[in-house]
Structures are given as C-alpha cells and as structure tokens.
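Here the structure is laid out as structure tokens; the discussion comes afterwards.
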Amino acid sequence: VASRRRQTNSEPSPLGAGAARNPKPEGVLGVWLVGAYGGLATTVITGAHAVAAGLADTTGLATETEPLRQLHLQPLGALRFGGHDIRETNVLDSVRELQRENGTIPVGWLERLARPLRAIDKDITTGTVINCGRAIRALRGSAPPRDRLSLRAVVRSIENDVRGFMRRHRLTRVVAVNVASTEPLLPLGPAHRSLAQLERAIDQDRRGSVRASLLYSYAFARLGLPYIQFTASNAALVPAVTELFDRAGAPYAGFDGKSGETLVKSALAPMFRHRNLRVLTWQGYNLLGDRDGVVLANARNRHAKVATKDSILSRVLGYPLHTHVAIDFVPSLKDHKTAWDFVHFEGFLGFRMAMQFTWQGCDAILAAPLVLDLIRLADFAARCGERGALAHLAPYFKHPLGCAAQDLPTQWRMLLDYAATRI
Ligand SMILES: NC(=O)c1ccc[n+]([C@@H]2O[C@H](COP(=O)([O-])OP(=O)(O)OC[C@H]3O[C@@H](n4cnc5c(N)ncnc54)[C@H](O)[C@@H]3O)[C@@H](O)[C@H]2O)c1
C-alpha cells in the first residue's frame, strides 16, 4: 500500500522551526473536496454551515472537546468550500438527495442555508476519471472533457482550478481532502517509487501508471497544500507523491477514515489483548446501500476497502487469526450501514466463548465530523510548520500513515500527547 517509510509510533511532530507553539488562525480557510457532491462531502459542507449558523451543536467533533479545543483551530464559520466532482449536479440537489434517501438533514435547514450552499457550486468543477475503473466511470456516463488532455495537462488544469478558487476568495491557505469514490487498488511499480520516475511516467502520458486520485494528490503536492486521504484509494499517497509533499513542506494524513465497524474493532480488540483472551476468529459482515455501496459492489473497488478494514486485528492482537470482512450491497439501507461482527475467542482452560455485536450507523453522519476535525488539525499542523505524515492523526484512520499502532487507546494517547506539546 502507500508509503510506510515512517511506520513507527512516532513522537509527536517536532515544533516547526520558528513556528509559534499554538498559532491563531487568520482569515478564511479554503477546503478543496475531491468528491464534492458526494454524500459525505455534502454532509461536511452542510454540517459546517449548520453549526456555524447555530442550527446544530458540535456533537461528534473531537476538536470541540478538551484538550483539543485549546488548540487554536480554524472556526467552522470561516471555511470556504470548493472542489471537484464528476457528476453533473449541484450542492442543493445533493442535500435534497440526503434528505430524501437518509433523512439526515432537516428539511427546514434549507431555507436558512440555501444561499451560502448555492454559492459553492461555482467553485466545484468537473474532475477526472482517468484509469478509475468501470464502477466509477459509470457514475458519470461519459468521460469528462479534461480526460482527453495529456496527463501533464490534466495536472496543470487541476492546479489551475485550485489557484482560481484561491484567487476568487483571496485565500492564502487551502486544505485538500479526498472524499471521492473508492478506486480499485493501483498495483505499485517503479513509476511510484520515486518522484523522478513518476514525473517521467506523467510526461510520457503512461495512463496505466496513474489513477485520478494520484493526479489530484500530485497536483495538490505541487501546490504545497496540506492533504487528507479519507478514502481507501491507495494511488493517492504512493511514495513518489509523499516525496513531493515532503519536498513541498506540506503535511498529509491518511488513509481511509475510521468511522464505524473498524472503529469498534480497534476499540474492542485491545480488551481481548489486555485480558489475555485469545481471539480465534473475527468475522465482519457489512451491509450498505448508497452510492458508495454501488461502487463497492464492484469486486475490484471492494478489494481496496477490505484491504484496509481487514489489516488491523492481527496487528492489535499480535498474532495471526482467522478473519473475514464482507461488504454487501443492500439498496434499501441507503446510507444506514449495518455491520454484524462475530468474535470467537478462547479463555482460561481453553474454554471457547463468543461475542457478537451489531453496529447500525449512518455513514456520513459518522464520518463528516471526522473530516472537519482533520481539516482543522491538518491546517493547524501546516501553520505550525509540520511536514510529512501526521502520525498523531492515527485515531482517525483505518490504515494510519506514520503510525504502527492500530489500537484506538494508543492512537488517542498520541493525539493527546501531541496536543499537550502545543497548548
Ligand atoms: N463513514 C463513511 O462515510 C466513510 C468512512 C471512510 C471512508 N469513506 C469513503 O469516503 C468516500 C465518499 O463516501 P460517500 O458516501 O460520500 O460516497 P458517494 O458515492 O456519495 O460520494 C463520492 C463522490 O465522489 C465523486 N467521484 C467519484 N470519482 C471521482 C473522481 N475521480 N473525481 C471527482 N469526484 C469523484 C462521485 O461522483 C460522488 O459524488 C468513499 O470512498 C467512502 O468509501 C466513507
């Protein structure tokens, strides 16, 4: 998978040279969302506006709890959203889709928020689906116009989109976040090992060596933007791209947000370890029914997701065990994801017992506050002069970069230790 060069339980990132310890943010922070019309992005955008307008409280945002709230993070009311998507729609229709399908956004809010939400459409442009596979291409129907350009020209056009956004709103800081559909895994080869080789592949227009997520992240790294990889698409943070982020001095974090079943796993598995109960089998069955589910119904895309969901148990427990993760498409569930986990374990005298749990969570409601926390913490890290993989953001990810620890308590302690160095 992507770069694991800093796979240690790193100390909190050192204070950037000459940077303030807990700097106050100034002005408006731009947020560039890849997948801007998706269910998650729409919940992020609407949620930030709703909290800022006093329509909702901050439940779900860890950055609004002690001690993280003592960090000088960007206020939710001072975010400006833009981004890429590939479907022809708009923010208000995306909100209505969520209202209709999932009931997560109160109907009355639209009256209050329609104006600022409608204004975001002019900052959302059609992206690229180069080498994204059939399931993602089918979301759009035809190839976006820019896909006819050379790879180098596509990268330039992505950069120009972000630059235009910054110019229009006089932004000096932008955090980029990938919340687009999960791509099939990109098999890694020489073109991904170093920046020089990747640049050659792009200049030679070798389309099989990239996926859309890589073109976006490469462009963001060229612009020096802090970056968050919230999906399981491995192409986005291949070593060649992280090399460019490092050179540009921009921090990054990923990947695949840990919001539901895997979050529970990473909290429960340490309990078995600490009690010296031997887990023999952990079976997890996930049912989901929204657009994310449609894409994950494709075996190649699902494989990318299962790879990040399945890797944590043996690493937390410290021994191999029988595991299975299934993701099934159940259209009627929409975004109300249901997971059933069966844990078979052995106790004193070799006696075998079992535990089962059912998790019923609304995916976007769980994930949106994580994305908002990550945007604020990545911007904070950038303002502090931090670079490289933000290991202290491990509790937010299924496959955290820069951090070997997979159990939630250890990961959470890393975030608190980091905050303590800043407050
Ligand atoms: N709890 C969660 O919701 C959660 C947790 C972890 C990861 N994720 C991941 O976040 C992503 C978004 O989830 P969602 O429920 O919003 O899915 P969604 O299908 O509603 O949204 C994805 C959006 O990305 C757009 N898109 C696809 N390919 C693109 C491309 N190449 N360029 C630009 N836009 C593109 C689609 O048109 C769509 O609007 C998925 O990959 C999902 O697996 C979600």
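Every number for a ligand or one of its atoms is a count from 1 in the order of the listing.
Taking every heavy atom of Gly39 and a limit of under 4.0 angstrom, the matching atoms of ligand 1 come to 16 (O), 18 (P), 20 (O), 21 (O). Heavy-atom proximity to Ala212, at under 4.0 Å, picks out these atoms of ligand 1: 31 (N). Near Gly257, meaning under 4.0 Å from one of its heavy atoms, ligand 1 places the atoms 5 (C), 6 (C). Counting the atoms of ligand 1 from 1 in the order shown, those under 4.0 Å from a heavy atom of Asp256 are 6 (C), 7 (C). Close approach of ligand 1 to Tyr37 is summarised as follows: ligand atoms under 4.0 Å from at least one heavy atom of the residue are 39 (O). Close approach of ligand 1 to Ser181 is summarised as follows: ligand atoms under 4.0 Å from at least one heavy atom of the residue are 22 (C), 24 (O), 26 (N), 27 (C), 36 (C), 41 (O). The contact set between ligand 1 and Arg291, taken as ligand atoms under 4.0 Å from a residue heavy atom, comprises 18 (P), 19 (O), 20 (O), 21 (O).
When side chains are defined from C-beta on, Gln99 does not count as touching Trp109, because their heavy atoms never get closer than 4.5 Å. Using a 4.5 Å heavy-atom cutoff, the side chains of Gln229 and Ser217 are not in contact.
Counting all heavy atoms, side chain and backbone alike, Leu185 lies closest to His303 at CD1-CD2, 3.4 Å. Residues Leu61 and Asp373 come closest through the heavy atom pair CD2-OD1, 3.3 Å.
Regarding atom 36 (C) of ligand 1, its nearest protein heavy-atom neighbour is Asp85 OD1, 3.5 Å. Of the protein's non-hydrogen atoms, Tyr216 OH, 3.3 Å is the one closest to atom 33 (C) of ligand 1. At the top of the distance list for atom 10 (O) of ligand 1, counting protein heavy atoms only, stands Leu40 CD2, 3.8 Å. Looking only at protein heavy atoms, the nearest one to atom 3 (O) of ligand 1 is Asp363 O, 3.3 Å. Shortest contact from atom 2 (C) of ligand 1 to any protein heavy atom: Ala367 CB, 3.4 Å. In terms of protein heavy atoms, atom 43 (O) of ligand 1 is closest to Lys305 NZ, 3.0 Å. The closest protein non-hydrogen atom to atom 12 (C) of ligand 1 is Val179 O, 3.1 Å.
No donor-acceptor contact under 3.5 angstrom links the side chains of Asn178 and Tyr216, judged on distance only.
At least one N or O atom of Ala180 sits closer than 3.5 Å to an N or O atom of ligand 1. At least one N or O atom of Arg87 sits closer than 3.5 Å to an N or O atom of ligand 1. Note: an N/O pair closer than 3.5 Å links Gly38 and ligand 1 by distance alone. The shortest N or O to N or O distance between Asp292 and ligand 1 is under 3.5 Å. When only interatomic distances are considered, the shortest N/O to N/O separation between Ile136 and ligand 1 does not fall below 3.5 Å. Geometrically, ligand 1 and Leu296 share no nitrogen or oxygen pair separated by less than 3.5 Å.
The ring-ring contact (aromatic ring centres under 6.0 Å, His included) test with Tyr252 is passed by exactly one of Phe245, Tyr218, Tyr227: Phe245. With respect to Asp407, the side-chain contact (heavy atoms from CB on, under 4.5 Å) criterion is satisfied by exactly one of Ile312, Leu268, Val316: Val316.
Under 4.0 Å from ligand 1, the heavy atoms of Lys398 that appear belong solely to its side chain. Using a 4.0 Å cut-off between heavy atoms, Phe230 contacts ligand 1 through both its backbone and its side chain. Only the side chain of Ser259 comes within 4.0 Å of ligand 1, judged by heavy-atom distances. Counting heavy atoms under 4.0 Å from ligand 1, residue Thr128 touches it through the backbone alone. At a heavy-atom cutoff of 4.0 Å, ligand 1 is contacted by no atom of Leu366, backbone or side chain.
The stretch residues 211-237 participates, sequence neighbours left out, in these salt bridge (Lys or Arg N to Asp or Glu O under 4.0 Å) pairs: Glu159-Arg222.
Using a 4.0 Å cut-off between a side-chain N of Lys or Arg and a carboxylate O of Asp or Glu, Arg291 and Glu101 do not qualify as a salt bridge. Using a cut-off of 4.0 Å between Lys/Arg side-chain N and Asp/Glu carboxylate O, Arg146 and Asp161 are scored as salt-bridged. With respect to Asp379 and Arg376, no salt bridge is recorded, no charged nitrogen being found less than 4.0 Å from a carboxylate O.
Rounding to the nearest 0.5 Å places CD1 of Ile105 at 4.5 Å from CG of Leu98. Expressed to the nearest 0.5 Å, how far CG of Leu223 lies from CE of Met166 amounts to 7.5 Å.
Heavy-atom separations between Arg140 and ligand 1 are all 4.0 Å or longer.
Scored by the side-chain contact (heavy atoms from CB on, under 4.5 Å) test, Arg140 finds Ile86, Glu88, Thr126, Ser142, Pro144, Pro145 as partners (sequence neighbours excluded).
Between Phe380 and Tyr418, the two ring planes are perpendicular [angle over 60°; tilted spans 30° to 60°].
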